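All of these numbers come straight from a predicted model, not from anything done at the bench.
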Amino acid sequence: MKTNYLKKYIISSYILVWALIIFVAGTASLVFHAPPVIMWIVRNLIAWSPTYLLFIGWKHFRPDETRMAFVKRCFSGKVKLLPLLCSFAFTFGISALSLFIFSIVKGKPMLYYVNFGTIALPLSIFLAFTSGPTGEELGWRGFMREEFNKRYGFLKSSVCQGLVWCFWHTLLWIVDSDFTDWRAIPYVVSNIVVITSITVLMNIFLERHNNLIYSVLLHFGFNIIYVFLEADIEFFVILIVLYLIITPIAVLIRNRAVESGRKEEI
């Protein structure tokens, strides 16, 4: 019977991150009462768990290839400045547009909902970049994407990847969210829709450019605004609507480009 390396990786990644959240982050917060910057560093270390898991358990997940060959392939595509800037601007722009619409609905300026906090801005940006954007991509868009692409076509593969990545955050929705009343429902729906949509957008870039630096910047473009954001649940509802409009359009454009490429080959 053929070993299902993808299933082993997904199950292991869930067990590992939940254990780290409960025993490491929980201990740091509840027992040692770590200050915010230390908790941020702890969260960053936990965010790298998909990469730790992949490389520590490499022989269990990809026994027919070396780690170095895998990493080289993940970053093998040529980096082009304009698509690189677009990858960041895409997700950042959608969040900024959502905040703009939200501020109009609320009748207040956008900056009213932005709080730069007590941590120095350069340090905040550095910690945001070295969290999920750099910590998760080798696992999710590197290993997991390749494994799902072996099984399914573009859209089904992307949705499956997005759902795995989305529910990997489940415990964080409980312990690290301000929405603990009825607002938890649209918040969870927003996570499912947005994370799955971002995965689709990432895979459009990766299909064309085959370099994880694009998904890193897409991830960072999405994450950075939430470091400073203080908005209510309506913001996330608007975000759902925007991604449900933009993502199908992006897929349609991608499909037409693929079909056009096939015709040219013929």
Side-chain angles (χ1 to χ4, degrees), residues 5-7 9-11 13-14 17 47-51 53-54 61 73-75 77 83-84 86-95 97-98 128-129 131-173 187-226 236 239-255 257-258:
Y5 298 111
L6 177 60
K7 183 177 180 181
Y9 178 74
I10 291 171
I11 293 173
S13 68
Y14 274 50
V17 75
W48 278 76
S49 62
T51 300
L53 176 66
L54 181 63
F61 307 124
R73 186 172 65 258
C74 287
F75 292 94
L84 200 64
C86 288
S87 64
F88 173 83
F90 209 154
T91 47
F92 182 84
I94 294 172
S95 294
L97 178 58
S98 181
F129 185 70
S131 181
T134 48
E136 298 175 22
E137 291 307 308
L138 275 170
W140 300 145
R141 254 61 61 183
F143 175 80
M144 189 170 69
R145 174 175 170 266
E146 288 186 349
E147 292 295 318
F148 268 117
N149 284 353
K150 292 176 184 177
R151 294 162 170 78
Y152 309 118
F154 173 83
L155 187 57
K156 185 175 180 179
S157 172
S158 298
V159 171
C160 289
Q161 294 167 49
L163 292 175
V164 171
W165 183 30
C166 168
F167 288 107
W168 181 80
H169 294 83
T170 300
L171 197 56
L172 291 175
W173 300 341
Y187 179 71
V188 170
V189 172
S190 173
N191 273 268
I192 295 170
V193 170
V194 172
I195 290 176
T196 303
S197 296
I198 289 175
T199 305
V200 174
L201 298 175
M202 285 176 168
N203 287 346
I204 290 174
F205 275 85
L206 292 175
E207 183 181 57
R208 186 174 182 84
H209 300 288
N210 194 35
N211 192 314
L212 289 186
I213 190 64
Y214 291 95
S215 62
V216 167
L217 287 183
L218 269 156
H219 197 158
F220 180 59
F222 176 74
N223 277 18
I224 186 61
I225 198 168
Y226 300 94
F236 294 94
L239 204 62
I240 292 172
V241 175
L242 290 179
Y243 271 99
L244 287 178
I245 293 171
I246 293 169
T247 306
I249 293 173
V251 172
L252 181 62
I253 293 172
R254 176 263 172 194
N255 290 346
V258 170

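- With sequence neighbours left out, Phe148 forms a ring pair (Phe, Tyr, Trp, His ring centres under 6.0 Å) with no residue at all.
- In this structure, Trp165 has its ring center under 6.0 Å from that of His219.
- Of the inter-residue distances, the one linking Met202 atom CE with Arg141 atom CZ reads 4.5 Å to the nearest 0.5 angstrom.
- Between the side chain of Tyr14 and the main chain of Trp168, a donor-acceptor pair closer than 3.5 Å is present.
- Although no hydrogens or angles enter the test, the distance criterion places no donor-acceptor pair under 3.5 Å between the side chain of Thr199 and the main chain of Ser158.
- Between Tyr187 and Phe236, the distance separating the two ring centers is shorter than 6.0 angstrom.
- No donor-acceptor pair under 3.5 Å is formed between the side chain of Tyr214 and the backbone N or O of Ile204.
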Show, in sequence, the C-alpha distance, side-chain angles and deciding distance for Arg151 and Lys156, and conclude whether the side chain to side chain contact (heavy atoms under 4.5 Å, CB included) test is met.
CA-CA 9 Å; Arg151 294 162 170 78; Lys156 185 175 180 179; over 6 Å; no
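- A donor-acceptor contact shorter than 3.5 Å links the side chain of Thr91 to the backbone of Leu218.
- Ring orientation note: the planes of Phe222 and Tyr226 are tilted relative to one another, at an angle of 30° to 60°.
- Between the Ser98 side chain and the Ile94 main chain, no donor and acceptor come within less than 3.5 Å of each other.
- In this structure Lys150 satisfies the salt bridge (charged side-chain N to carboxylate O under 4.0 Å, His left out) test together with Glu147, sequence neighbours excluded.
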| query | Under the salt bridge (charged side-chain N to carboxylate O under 4.0 Å, His left out) criterion, do Arg73 and Glu146 qualify, and how do the steps go? | reply | CA-CA 11 Å; Arg73 186 172 65 258; Glu146 288 186 349; 2.8 Å; yes
